[in-house]
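Structure, as structure tokens:
Note on naming: letters A, B, ... go to the chains in the order of the sequence lines (proteins, then strands), and numbering restarts at 1 for each one. From a predicted model like this one, the values you see are computed outputs, not experimental measurements.
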Amino acid sequence: MNNVTITVNAQTLSAPEGSILLQVLLDNGVSVPHFCYHEALGVDGNCRMCMVEIEGQKRPQIACNTRVKEGMSIRTLSDSIMAVKRSILELELINHPVDCPICDQAGECSLQNYYMEVGLYESRIDRADKVRKAKKVDLGSHVILDQERCVLCARCTRFTENIIGTGDLVIANRGNHACVTTFEPQGLKADGYAMNVVDLCPVGALTSGDFRFHQRVWFLKSDPSLCHGCARGCSIFIDHYPQKYGDDLIYRYRPRVEREVNGFFICDEGRLSYKNHTGDATLTTPRYSGTAITLSEALELYHQKLAASGSGVVALASPSLSCENLTALRDYCLQYAIPLFGVERGSFDETFGDDFLRLNDRAANRSALPLLGISEDESEMNAALCAASLVLNFDNQTPVSVDQIHFCVHPIDTRELQIPIAPYTEQSGSIINAFGKVQKFASTIRRRHPVPPLHELLSTIKGLA
Amino acid sequence: MIQRIVSRKFDIPDAHRIDVALLHGGYATLSKAFAMEPDAITTEIERSGLRGKGGGGAPTGKKWRLMPKTISPSYLVVNADESEPGTFKDRQILQYDPHLLIEGIIVSAYAMGADHAYVYIRGEYKAFHDRLVEAVEEAYERGYLGENIRNSGFNLSLSVHRGAGAYICGEKSALLESLEGKRGHPRLKPAKPECEWYFGHPATVNNVETIATVPFIVQEGFEAYRAYGTDQSPGTMLFAMSGHISRPGVYELPFGLRMMEVIDELGGGVKNGKKLKAVIPGGASTPVLTAEEAEKATLDYETLSAMGSGLGTGGMIIMDEESCMVKALHNLLSFYRHESCGQCTPCREGTGWVDTLIRHILAGRGDETHIQTLLDVSKTMNGQTICVFAPAVSGVINAFVKKFRPEFEHYFQRSEG
Amino acid sequence: MSFTFNPINEEKIKKLWGEYPKKESLTLPMLWMAQYQEGWITPEAIRTIAARLELSPSHLFGIATFYTMFRLSAVGTYHIELCQTLSCALCGKDALIEHLGKKWGIRPGETTEDGRFTLSLVECLGGCGGAPMLSLNETYHENVTPESLDALLEGLS
């Protein structure tokens with residue numbers, strides 16, 4: 001497409017001819033209130049909120065249904081267009097319960113933001129006249145619906161209909177009795193992607209049953225990261241709350257736009273996997289024989305066991321460890337001539353993958369193994385395990401019948417020695433997804449007593465050796 | 001006053017049976033039409049100045065020209081979703097002369113190169129639906145529909161599709177959504193004029209009466225049609241009268257007659273000898289006229305549009321001196337609230353709010369601010385939605401409030417007293 | 001409680017399948033058939049039609065609730081749909097509602113205790129020339145007066 005020049009509020013912009021005007025404006029940082037348009041879902045034109053003035057047009061036009069043409073002149077801030085936006089916003093809100101103090105969307109709500117931007121009028125509706133609809137409807141899949149807060153933009157129904165194809169959500173009834181619903185109670189499944197509708201919903205109509213009432217969003221800090229739930233490596237935001245006198249707590253994961261990897265969405269399982277990395281879910285102190293011990297006690301035990309096992313030591317690496325951790329581990333094993341395998345039994349889940357985002361390969365960094373020369377030969381590993389007297393297990397889930405020393409993120413129900421390593425949320429690093437894309441992630445979560453990442457721990461062990 | 005073009009066979013007993021219809025010239029146009037080039041028929045229709053009779057009044061020939069000839073199959077969809085309050089004309093054709101409609105469909109489909117025709121008929125018109133279905137079966141049996149119609153080499157299949165209660169499906173794109181099995185939500189309008197689309201294939205949507213007029217124009221020539229009516233509104237239309245009128249009913253009249261002449265002479269004047277207060281000229285969605293305006297009105301597009309109203313469907317609702325205009329507006333706003341598809345915010349929320357406001361006024365709880373809000377909401381509803389439903393409601397509100405404001409104010413005085 | 005179309009309807013469906021380019025167009029016809037067959041559109045009918053048309057039941061529900069003639073619950077043996085829009089309002093529909101209210105002791109939207117009669121108020125039925133008018137089990141009756149209504153109802157079995 002040719003680029004053409006358009007004028008927006010007396011500034012000139014260059015944009016591809018025929019592209020969607022609203023998207024061009026948003027991409028250029030021009031604020032245009034809108035509800036129904038979403039880049040992933042396309043133009044629907046129902047909310048009528050994205051009105052702009054186009055020179056030569058008698059009436060205001062919706063920017064979503066306008067294609068960019070050479071020489072177009074757009075105004076988004078004139079008194080007349082502001083009045084139009086205000087009048088439409090007023091209609092969006094007349095039947096809204098205005099229950100922001102108890103609404104989880106407060107702080108990230110388009111209605112609130114637009115009211116501050118273009119509204120600021122005195123309400124003219126009598127509360128008793130508002131249309132009453134269903135509240136706290138459990139749609140299933142951790143999604144809770146408040147029909148009274150809904151602006152009927154149809155983002156959620158278009159998601160289940162056009163993106164996922166299950167059509168679980170629908171708008172029923174007509175006129176101002178129209179509402180989003182499912183036919184079957186708790187009928188929202190969306191093939192395991194249901195919770196994306198919570199992000200898509202611009203208002204407080206769809207909230208996450210997992211997140212709601214847990215934290216106010218303005219207390220949350222959002223940092224970019226990568227989901228480690230499968231070999232796709234979806235881009236996410238980790239929304240966390242840095243407590244003043246306690247550990248940083250994760251409250252939710254949200255999808256982060258990464259066109260080449262996950263587009264606009266993530267799966268529900270990945271989204272809820274934050275629970276495995278926050279609060280008490282991870283191991284924070286070494287344990288032996290069912291009791292907590294200090295790190296120096298643990299390392300002493302480690303060396304004793306290592307010395308006692310002689311050449312019968314085998315190491316297993318999780319294929320989800322970052323490139324940095326795997327490199328350090330490979331070097332460590334080479335130095336001490338310990339055979340290292342990156343095979344993890346159970347890390348392929350034939351029931352998990354689909355034709356959208358989820359992949360059967362549940363390991364986040366398997367693609368790094370051949371690049372680092374870490375063996376993926378399962379029969380060699382089995383043979384080595386048979387002959388082994390001690391296994392150094394670096395967060396690998398493969399069942400092993402000999403004595404092990406666990407370097408693990410999560411506590412394991414065993415009397416064997418467990419030494420904690422930091423989860424990916426608490427360290428920076430890189431992973432390579434199933435399609436060979438190298439992606440970096442940064443440390444987001446701080447603990448009062450940090451657990452070292454594996455590569456740091458290994459350098460400590462080296463120092464003692 | 002009465003001129004019979006589409007109503008020619010209405011008084012002939014059993015003209016809905018094909019044998020009777022054939023006896024009285026039914027399907028006679030086909031031989032002439034099939035001898036013409038399809039484009040020549042469209043040209044004839046263009047020259048006749050035929051305008052859509054479903055309320056919009058768009059030039060029919062121009063609409064047919066939008067059909068791309070290169071995409072097959074293509075469709076003619078006949079809009080029999082007659083639901084505009086005050087309108088009950090298309091049902092007369094379905095009831096008394098369904099074969100005229102079928103004849104019109106064949107000629108029109110031939111002209112635009114359509115392969116299949118649908119008649120979308122409102123669900124409530126069960127009896128008229130059944131009658132049309134019978135006529136279609138007869139037409140198939142006699143070879144007027146199907147393959148190689150009357151040895152012309154032209155094929156056309158025709159299906160009758162029943163709606164299920166939704167005023168908005170009279171809007172052509174909502175009708176097509178409904179025909180595709182969806183909720184009847186009007187579609188976004190294209191940037192430039194183009195045909196409609198049915199499952200991605202070209203489609204033209206025409207009103208029943210429009211299509212029923214086609215055989216006459218083709219048979220008698222465009223000049224014969226233009227002999228009636230005015231320059232901008234040529235021909236005839238089925239005008240209807242209801243409400244406070246002595247002889248309600250449907251009358252085929254040339255365009256351009258004086259409204260009061262029609263009301264008084266054909267309609268027998270206001271019922272029970274009362275005085276006239278107001279007329280809604282062409283279905284509920286055309287802005288109301290006062291009695292004084294009705295005196296000046298003529299039944300054509302240009303005059304009524306210049307008066308700030310419209311010819312619409314030609315369905316006049318007559319209101320006598322005792323009618324309460326606040327209640328009348330409330331009645332219409334309840335209708336619109338019920339029928340808004342709910343897609344666009346200004347319409348979904350606006351129709352509800354204006355209905356609520358007028359309830360307050362009627363209950364004696366209103367004041368000036370209610371009228372101001374009513375007009376403000378009406379303004380927001382105008383020109384900012386996908387289809388013309390909300391703008392029509394806006395026009396209705398403005399006309400009622402501006403022309404009969406003292407009646408609204410009278411209700412606040414009640415609350416004070 | 002399961003739902004299957006009866007053989008007559010199955011025949012009709014077969015015929016209709018050839019009349020539309022895509023099967024989605026059979027949505028309204030099939031909902032109509034289900035309603036005539038069962039008296040109303042049951043949840044099972046929604047599931048069955050959805051499966052036949054390869055659509056989600058939610059999608060079908062959205063359609064069934066959009067069109068006011070589709071009923072999602074049972075009505076009386078005789079269903080009166082009384083037009084309440086302007087021409088009928090000007091010509092006396094209120095008197096008919098009042099008359100039926102006194103006669104049956106029900107308000108619009110309700111069904112008599114014996115399950116015989118349901119009274120619904122509907123929007124313009126296109127019978128304005130015969131206002132006030134109503135539809136009794138889908139048959140129009142125009143120029144209705146309380147007396148003619150009584151006569152009509154007495155004629156019912």
Side-chain angles (χ1 to χ4, degrees), chain A residues 18 21 34-36 42-51 57-62 64-67 69 81 83-96 121-126 128-131 150-154 157 161 167 170-180, chain B residues 165-169 174 182-192 333-360 363 365-366 369-370 372-387 389-391 393:
Chain A
L21 176 62
H34 62 285
F35 295 101
C36 68
V43 177
D44 203 58
N46 69 60
C47 76
R48 318 306 291 179
M49 196 66 234
C50 65
M51 290 282 180
Q57 300 262 20
K58 214 163 50 181
R59 294 183 178 285
Q61 302 290 320
I62 49 172
C64 66
N65 196 37
T66 303
R67 300 287 167 159
K69 272 192 285 205
I81 198 69
V84 165
K85 290 192 264 195
R86 187 177 307 119
S87 67
I88 293 170
L89 184 68
E90 184 180 25
L91 287 171
E92 295 279 10
L93 277 163
I94 55 163
N95 285 311
H96 187 282
Y121 55 81
E122 286 291 323
S123 172
R124 295 194 277 183
I125 186 100
D126 187 335
D129 289 334
K130 288 186 190 252
V131 176
C150 176
V151 294
L152 292 153
C153 67
T157 58
E161 185 91 30
V170 72
I171 291 176
N173 305 329
R174 267 194 337 220
N176 65 3
H177 293 284
C179 59
V180 168
Chain B
Y167 166 76
I168 194 60
C169 290
K182 299 182 207 146
R183 292 162 62 84
H185 287 185
R187 297 169 177 168
L188 286 167
K189 301 288 169 281
K192 285 181 192 143
L333 296 184
S334 299
F335 168 82
Y336 291 118
R337 178 182 202 158
H338 185 258
E339 297 299 337
S340 167
C341 83
Q343 186 180 203
C344 302
T345 308
C347 183
R348 177 183 68 240
E349 305 297 340
T351 51
W353 197 2
V354 293
D355 181 41
T356 301
L357 285 164
I358 202 154
R359 270 171 217 246
H360 283 303
R365 292 190 295 266
T369 60
H370 285 77
Q372 192 50 49
T373 309
L374 196 60
L375 293 173
D376 286 351
V377 178
S378 160
K379 189 177 169 207
T380 308
M381 290 169 75
N382 189 20
Q384 302 189 138
T385 48
I386 290 173
C387 81
F389 183 111
V393 180

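- In this structure, chain B has a heavy atom under 4.5 Å from the side chain of V131(A), while its backbone stays farther away.
- With a threshold of 4.5 angstrom between heavy atoms, K189(B) approaches chain A through N, CA, C or O but not through any side-chain atom.
- Using a 4.5 Å cut-off between heavy atoms, T351(B) makes no contact with chain A at all.
- Contact annotation: the side chain of T356(B) never approaches that of I125(A) to less than 4.5 Å [non-hydrogen atoms, C-beta and beyond].
- For the residue pair C47(A) and T345(B), the shortest heavy atom distance occurs at O-OG1, 3.0 Å.
- Between chain B and the residues R67(A), E90(A), H177(A), the largest count of heavy-atom pairs under 4.5 Å involves E90(A).
- Summarising the geometry of I88(A) relative to P346(B), their closest heavy-atom pair is CG1-CG, 4.4 Å, with the distance given to 0.1 Å.
- Around the NZ atom of K130(A), the shell of radius 6.0 Å holds more than 12 heavy atoms that belong to other residues, nucleotides or ligands.
- Exactly one of L152(A), N46(A), I171(A) qualifies for a side chain to side chain contact (heavy atoms under 4.5 Å, CB included) with Q343(B). That residue is N46(A).
- Contact of R187(B) with chain A is not made at all, since no heavy-atom distance falls under 4.5 Å.
- Nearest approach of Q384(B) to R48(A), heavy atoms of both residues: O-NE, 2.8 Å.
- Side-chain contact between N95(A) and E349(B) is present, with heavy atoms from C-beta onward closer than 4.5 Å.
- A donor-acceptor pair is defined here as one N or O able to donate and one able to accept, closer than 3.5 Å; such a pair exists between the side chain of R183(B) and the backbone of N173(A).
- The part of M51(A) that comes within reach of chain B is its side chain, from C-beta onward, which places non-hydrogen atoms under 4.5 angstrom from that chain.
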TODO: Walk me through it: do D376(B) and R124(A) pass the test side chain to side chain contact (heavy atoms under 4.5 Å, CB included)?
DONE: CA-CA 11 Å; D376(B) 286 351; R124(A) 295 194 277 183; 2.7 Å; yes
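- Formation of a donor-acceptor pair under 3.5 Å by the R348(B) side chain with backbone atoms of V151(A) is found in this model.
- N176(A) touches chain B through backbone and side chain together, each having a heavy atom under 4.5 Å away.
- Looking at R359(B) and D129(A), no side-chain N of the basic residue comes within less than 4.0 Å of a carboxylate O on the acidic one, giving no salt bridge.
- Contact annotation for H185(B): neither backbone nor side-chain heavy atoms come within less than 4.5 Å of a heavy atom of chain A.
- Of all heavy-atom pairs between I386(B) and D44(A), the closest is CD1-O, 4.2 Å.
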- [ ] Report the C-alpha separation of R174(A) and H338(B) in whole Å, then their side-chain angles, then the decisive distance to 0.1 Å, and conclude whether the side chain to side chain contact (heavy atoms under 4.5 Å, CB included) test is met.
- [x] CA-CA 8 Å; R174(A) 267 194 337 220; H338(B) 185 258; 3.4 Å; yes
